[in-house]
Amino acid sequence: MKHKLLAISLLAAAAIVGGCTGNGKDTAKDAAVETGCANPVIWSDVPDLSMLRVGDTYYMTSTTMHLNPGVPVMKSKDLSNWEIVSYCYDILGEQDETMLLNGKNTYGRGSWASCIRYVNGKYIVSTFDQVTGKTYFFTTDNIEGGKWTRTEFQPSLHDHTVMFEDDGKVYMINGNGRLSLREIKPDLTGVVEGSEKVIIENAGAVTGRELMLNAEGSQMFKINGKYYLFNICWPQGGMRTVICHRADNIFGPYEGKVLLEDKGVAQGGLIDTPDGRWFAYLFGDRGGVGRIPYWVPVEWKDGWPVIGVDGKVPDTLALPKSKGLIPGIVDSDDFDGDKPKIVWQWNHNPVNSLWTMTERKGFLRLKTDRTDTSFTQSRNMLTQRTFGPKCTGSVCLDATNLQDGDIAGLSLLAGQYAYVGIKKNGDKKQIVMVDNMPDEPEPGWPPKYHPAREVEAVDYDGDIVYLKATCDFSRIADNSPIGSHGADTAELFYSADGKDWKKIGHTFNMVYKLDHFMGQRFALFNYSTKKAGGYADFDWYKVSY
């Protein structure tokens with residue numbers, strides 16, 4: 001008999017995640033102080049934002065990395081409440097790295113920052129990929145449900161921005177410190193030969209400081225006839241910083257300014273509202289939960305955008321009340337359809353023959369066709385975001401058809417990972433907590449993890465098991481390049497009835513490091529260590545605040 005999803009209360013969510021009440025103020029500075037709409041707007045991993053407004057509707061794209069489907073498109077009517085409405089592609093290629101074959105993977109690489117534009121009734125999204133070595137354009141006239149047309153070319157142009165001019169010319173700008181412009185063919189199939197031109201020799205020089213990260217993450221906007229090129233840089237001893245260069249001509253000459261250095265919030269661009277207000281959309285590194293979006297009020301002075309309230313990122317915004325991230329960004333799933341809900345993404349390319357929601361109605365079935373010695377190399381992990389300040393993910397799992405050596409369960413997936421699962425060992429079953437967390441937090445690069453270890457194992461007689469992970473991101477981590485070094489914590493649990501929960505293992509420290517370059521993800525998994533052919537049935541997944 002199908003186990004029903006427990007009810008989820010959203011009453012606390014509005015107060016915890018972006019909840020606010022407006023007072024009708026028109027001045028962004030005054031309203032930001034006097035209203036209660038919380039920053040960050042989305043307390044979850046949505047980095048490298050690109051945004052546009054078409055009429056009264058906002059659309060936003062974000063980085064994908066090693067997940068599929070890729071380039072999530074999010075929609076909002078008020079800048080506060082967002083929902084995922086589509087993805088630009090299912091997969092980009094079928095290399096060993098993207099398929100988790102021959103010991104290879106694309107963790108921390110894959111598809112990064114995208115750029116979204118609206119041109120002549122068409123939505124156009126561009127991105128790049130480090131494994132395929134290509135730059136991509138995706139085009140549709142129905143961004144929420146249409147089919148995307150894809151064009152691609154080499155090379156892979158990192159963190160680019162695209163400008164569609166009124167004369168039909170298309171330009172792409174990117175670089176690190178030394179920023180270059182290229183003309184793109186009208187059909188978006190490649191770079192016009194010989195068109196590359198350096199437009200800013202050393203963009204980070206505008207800070208007047210030594211840099212640990214020179215200007216990158218370009219985003220260009222044309223406003224009132226002027227070109228504004230936004231970048232992020234990182235001064236030595238400082239934090240992520242927003243800089244901007246402006247010019248009367250896209251080819252320059254450009255003059256630059258530092259626009260914001262506060263809370264490590266940077267990288268993004270500008271968006272206006274139908275009533276004429278302006279905001280900067282940016283993100284900040286916030287430890288194990290990832291890189292999370294902040295909006296910052298903008299005023300204009302002498303033709304320059306002035307970001308912040310007295311130069312600071314406000315804790316509140318003059319925006320409508322947020323209803324929280326459920327169900328738009330994260331969501332529960334009872335697996336009653338024929339595919340997972342839109343909030344889910346597969347870790348690397350899925351093997352579609354090894355998952356089904358139709359063989360047993362109301363269940364997600366994950367099968368195995370090979371053995372793996374490494375958890376992070378196992379295929380068909382289905383993932384979605386964790387979120388702050390605190391969240392819980394839980395599943396009901398039927399392990400009847402696991403084979404000897406199979407392990408299935410619920411994970412917190414990142415380079416430093418942990419999971420609670422049910423393991424078949426001969427004719428016996430055990431509930432296990434496994435992680436690769438070092439005994440002491442170890443900053444630096446490359447990451448140093450403990451070899452995967454079974455922290456605790458408990459004999460278990462049944463086939464139905466409930467598993468749960470609770471995450472606490474309420475302590476804001478530092479702004480170092482590799483995240484929190486263990487500031488964020490999680491606990492893992494199991495139950496035979498979904499009511500009486502028992503903690504298993506120790507407290508797990510969730511960290512953000514560049515080997516995965518993502519916040520922790522809840523992940524459903526099943527993999528075999530001895531013999532392929534078994535399968536696990538997930539009855540439901542529930543997420544709550």
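Just so it is clear, the values below take in all heavy atoms, side chains as well, and ignore hydrogens, waters and symmetry mates.
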_If you apply the rule side-chain contact (heavy atoms from CB on, under 4.5 Å), what do you find for Trp540 with Asp333, and how did you get there?_
CA-CA 6 Å; Trp540 48 255; Asp333 201 339; over 6 Å; no

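- Here the CG-OG1 distance, from Asn349 to Thr98, works out to 4.0 Å after rounding to the nearest 0.5 Å.
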Exercise for the section: Test ring-ring contact (aromatic ring centres under 6.0 Å, His included) on Tyr123 and Tyr59 and set out the steps. Expected result: CA-CA 10 Å; Tyr123 296 89; Tyr59 293 102; 5.4 Å; yes

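- Heavy-atom contacts from other residues, nucleotides or ligands closer than 6.0 Å to CG of Asp369 number more than 12.
- One finds no salt bridge joining Lys361 and Asp336 here, because no Lys/Arg side-chain nitrogen approaches an Asp/Glu carboxylate oxygen to under 4.0 Å.
- The pair Asp435-Arg453 meets the salt-bridge criterion, since a charged nitrogen lies less than 4.0 angstrom from a carboxylate oxygen.
- The shortest non-hydrogen separation linking Ser50 to Ser114 is CB-O, 3.4 Å.
- Between Lys341 and Asp331, at least one side-chain N (NZ, or NE/NH1/NH2) sits under 4.0 Å from a carboxylate O, which counts as a salt bridge.
- Judged purely by distance below 3.5 Å, without hydrogens or angles, the side chains of Glu491 and Thr507 pair a donor atom with an acceptor atom.
- Counting non-hydrogen atoms of neighbouring residues, nucleotides and ligands closer than 6.0 angstrom, the NZ atom of Lys530 exceeds 12 such neighbours.
- Between Arg360 and Asp537 there is a salt bridge, since at least one side-chain N of the basic residue sits less than 4.0 Å from a carboxylate O of the acidic one.
- Each of Asp406, Asp461, Asp463 was checked for a side-chain hydrogen bond (donor to acceptor under 3.5 Å, both in side chains) with Lys429, and the lone residue meeting it is Asp463.
- Formation of a donor-acceptor pair under 3.5 Å by the Ser111 side chain with backbone atoms of Thr64 is not found in this model.
- The aromatic rings of Tyr545 and Phe387 stand perpendicular to each other, their planes meeting at an angle above 60°, with 30° marking the opposite boundary.
- For the ring-ring contact (aromatic ring centres under 6.0 Å, His included) criterion with Phe525, the lone passing option out of Trp346, Trp355, Tyr419, Tyr417 is Tyr419.
- Phe138 and Trp148 have perpendicular rings, their planes meeting at more than 60° on a 0 to 90° scale where under 30° would count as parallel.
- Between the side chains of Lys321 and Ser80, no donor-acceptor pair of N or O atoms lies under 3.5 Å.
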